[in-house]
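For reference, the structure is listed below as structure tokens.
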Amino acid sequence: MTTAKPTAVPAAAAGTITIGGDLTVNRMGFGTMRLTGKGIWGPPRNPKQAVRVLQRAVELGVNFFDTADSYGPNVAEELIAEALYPYPGLVIATKAGLERPGPDRWVENGRPEYLRLKLEGSLKRLRVERIDLWQLHRVDPKVPAQEQFEAVREFQRAGLIRHIGLSEVSVDQIEQARKVVPIVSVQNRYNVTDRKWDKEVEYCQREGLAFIPWFPLSAGALDHPTLHAVGARHGATVFQIALAWLLARSPAMLVIPGTTLVEHLEENGAAAEIRLTGRDIKELDSLRS
């Protein structure tokens with residue numbers, strides 16, 4: 001007979017990670033992309049519920065929140081400020097570098113003047129003078145990468161951002177950027193069935209960078225017999241097992257599952273208590289989409 005996992009587990013159960021040498025956060029964070037309307041466009045159907053989810057995350061010990069100017073656009077940052085300002089003990093990480101022509105549409109824009117405009121907008125919406133972790137959402141192939149990295153370096157020198165991260169980048173791109181600016185984190189698409197960036201996970205662990213997997217639950221599309229089998233052994237859902245695998249995958253992993261419901265938030269947090277066995281990990285490591 002299996003026992004259900006607790007529904008409210010402190011985020012600290014996942015352990016901590018230190019970003020950039022001075023920002024120590026719990027490895028169970030929260031991603032805000034889904035706190036918007038359909039197609040990551042416009043406000044959520046229930047803004048009060050979105051605010052409550054953010055506040056409940058803090059109550060559970062989540063102290064790292066990932067967002068972006070393009071989520072809404074602007075909506076997620078505004079909700080964060082409404083729910084959490086002035087962010088006592090919290091790290092708010094945001095991003096820029098993607099334009100939003102419409103729902104579910106994303107276009108790279110790494111022009112320095114555009115990045116500056118979006119950074120200034122994030123500062124205003126979040127009501128802060130400096131962003132703790134600002135990430136280049138994409139390296140725009142239409143703009144020389146050096147120009148993008150130099151622009152971000154100037155933002156940091158001006159005191160507008162504390163630390164710099166990159167998103168959806170290869171090891172070669174990370175190393176190219178590190179010749180211009182100090183990089184402390186990498187946010188790439190990654191989950192138990194999507195391992196395209198395995199090499200980058202290993203690089204981050206070796207180099208002391210945080211790896212922040214986006215799409216950690218494959219947008220809910222996790223339905224594999226192996227996940228169900230491991231979940232049955234732990235009395236856990238496939239989503240909890242997927243999060244537990246990420247936490248076990250590397251000490252560099254900073255997980256940011258997002259949700260619009262408090263009960264899902266608490267369920268995700270319970271994954272921090274799951275201790276996968278060697279057998280579990282071997283079986284889960286064999287998964288590929």
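Since the model is a prediction, treat every value here as computed from it, not as a measurement.
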Item to complete: Kindly say whether V51 contributes a backbone atom to a donor-acceptor pair with the side chain of E82 at under 3.5 angstrom?
Response: no
Item to complete: Kindly compute the distance separating CE (M33) from OG1 (T67), expressed to the nearest 0.5 Å.
Response: 10.5 Å
Practice prompt. Kindly say whether E108 contributes a backbone atom to a donor-acceptor pair with the side chain of K142 at under 3.5 angstrom?
Written response: yes
Worksheet item: Just by distance, with hydrogens left out, do R138 and S167 show a side-chain donor and acceptor under 3.5 Å apart?
Response: yes
What pairs of donor and acceptor atoms, side-chain ones from residues 69-76 against any protein atom, are under 3.5 angstrom apart with sequence neighbours left out?
unit_1	atom_1	unit_2	atom_2	d
Y71	OH	K95	NZ	3.2
N74	OD1	R125	NH1	3.2
N74	OD1	R125	NH2	3.3

Practice prompt. Report the C-alpha separation of V169 and L136 in whole Å, then their side-chain angles, then the decisive distance to 0.1 Å, and conclude whether the side chain to side chain contact (heavy atoms under 4.5 Å, CB included) test is met.
Written response: CA-CA 10 Å; V169 287; L136 184 60; over 6 Å; no
Worksheet item: With a 4.5 Å limit on heavy-atom distance, are the side chains of I131 and L160 in contact?
Response: no
Worksheet item: Which value, rounded to the nearest 0.5 Å, describes the distance between K196 atom NZ and R189 atom CZ?
Response: 9.0 Å
Worksheet item: Going from CZ on R100 to CD1 on I40, what distance comes out if it is rounded to the nearest 0.5 angstrom?
Response: 7.0 Å
Worksheet, complete the sentence: Between the CD1 atom in I92 and the CG atom in N63, the distance rounded to the nearest 0.5 Å is 9.5 Å
Item to complete: Check whether the side chains of W245 and D285 place a donor and an acceptor atom closer than 3.5 Å, and report yes or no.
Response: yes
Practice prompt. Compare all side-chain heavy atoms of L90 with those of D132 and state whether any distance is below 4.5 angstrom.
Written response: no
Discussion item. Keeping R195 on the side-chain end and Y190 on the backbone end, is there a donor-acceptor pair under 3.5 Å?
Written reply: no
Worksheet item: Please walk me through it: do R249 and E202 pass salt bridge (Lys or Arg N to Asp or Glu O under 4.0 Å)?
Response: CA-CA 10 Å; R249 171 67 179 83; E202 298 297 335; 2.9 Å; yes
Worksheet item: In terms of side-chain heavy atoms, does E200 have a donor or acceptor partner in N188 at a distance below 3.5 Å?
Response: no
Discussion item. Between V181 and E150, is the side chain to side chain contact (heavy atoms under 4.5 Å, CB included) condition met? List the steps.
Written reply: CA-CA 8 Å; V181 292; E150 288 176 353; over 6 Å; no
Worksheet item: Quick one: does R27's side chain have a donor or acceptor within less than 3.5 Å of a partner on A272's backbone?
Response: no
Item to complete: To the nearest 0.5 Å, tell me how far Q187 CD sits from I256 CD1.
Response: 4.0 Å
Worksheet item: Is there side-chain contact between T32 and L54, with heavy atoms separated by less than 4.5 Å?
Response: yes
Fill in: S185 vs Q135 side-chain heavy atoms within contact, under 4.5 Å
yes
Worksheet item: Counting N and O atoms only, with roles assigned by atom type, does the side chain of N191 sit under 3.5 Å from a partner on the main chain of F215, one being a donor and the other an acceptor?
Response: yes
Item to complete: Please determine if E99 and K118 form a salt bridge, counting it only when a charged side-chain N lies under 4.0 Å from a carboxylate O.
Response: no
Discussion item. Please determine whether side chain to side chain contact (heavy atoms under 4.5 Å, CB included) holds for the pair E175 and Y203, giving the CA-CA distance in whole Å, both sets of side-chain angles, and the decisive distance to 0.1 Å.
Written reply: CA-CA 10 Å; E175 293 189 332; Y203 178 88; 3.3 Å; yes
Worksheet item: How far apart are the C-alpha atoms of R116 and E154, what are their side-chain angles, what is the distance that settles it, and do they pass the salt bridge (Lys or Arg N to Asp or Glu O under 4.0 Å) test?
Response: CA-CA 10 Å; R116 175 68 183 235; E154 293 309 309; over 6 Å; no
Worksheet item: Side chains of H228 and D223: closer than 4.5 Å at any heavy-atom pair?
Response: yes
Worksheet item: Is a side-chain donor-acceptor pair under 3.5 Å present for T24 with T18?
Response: yes
Item to complete: Evaluate the criterion side chain to side chain contact (heavy atoms under 4.5 Å, CB included) for residue pair L217 and N268; output intermediate values, then yes/no.
Response: CA-CA 10 Å; L217 296 176; N268 290 341; 4.0 Å; yes
Worksheet item: So do L254 and M28 actually touch side chain to side chain, heavy atoms under 4.5 Å?
Response: no
Item to complete: Might you work through the salt bridge (Lys or Arg N to Asp or Glu O under 4.0 Å) test for R275 and D280, ending with a clear yes or no?
Response: CA-CA 9 Å; R275 297 295 177 260; D280 297 332; over 6 Å; no
Discussion item. Would the distance check show the side chain of Q240 and the main-chain N or O of T237 forming a donor-acceptor pair, the cut-off being under 3.5 Å?
Written reply: yes
Fill in: Polar contact flag, side-chain donor to acceptor under 3.5 angstrom, S122-E77
yes
Item to complete: Kindly work out whether a path of hydrophobic side-chain contacts (I/L/V/M/F/W/Y, heavy atoms less than 4.5 Å apart) joins L287 to L222.
Response: yes
Practice prompt. Tell me, with the steps shown, if E283 and R279 meet salt bridge (Lys or Arg N to Asp or Glu O under 4.0 Å).
Written response: CA-CA 6 Å; E283 292 176 4; R279 174 190 173 189; 3.1 Å; yes
Discussion item. Do W214 and E168 pair up side chain to side chain, a donor and an acceptor below 3.5 Å, judged on atom types alone?
Written reply: yes
Fill in: Pairs satisfying ring-ring contact (aromatic ring centres under 6.0 Å, His included), at least one member in residues 85-114, at least two apart
Y85-Y87
Item to complete: Could you check if a side-chain atom of F155 sits within less than 4.5 angstrom of a side-chain atom of I164, using non-hydrogen atoms only?
Response: no
Fill in: Validation row: T226, L284 side chains within 4.5 angstrom (heavy atoms)
yes
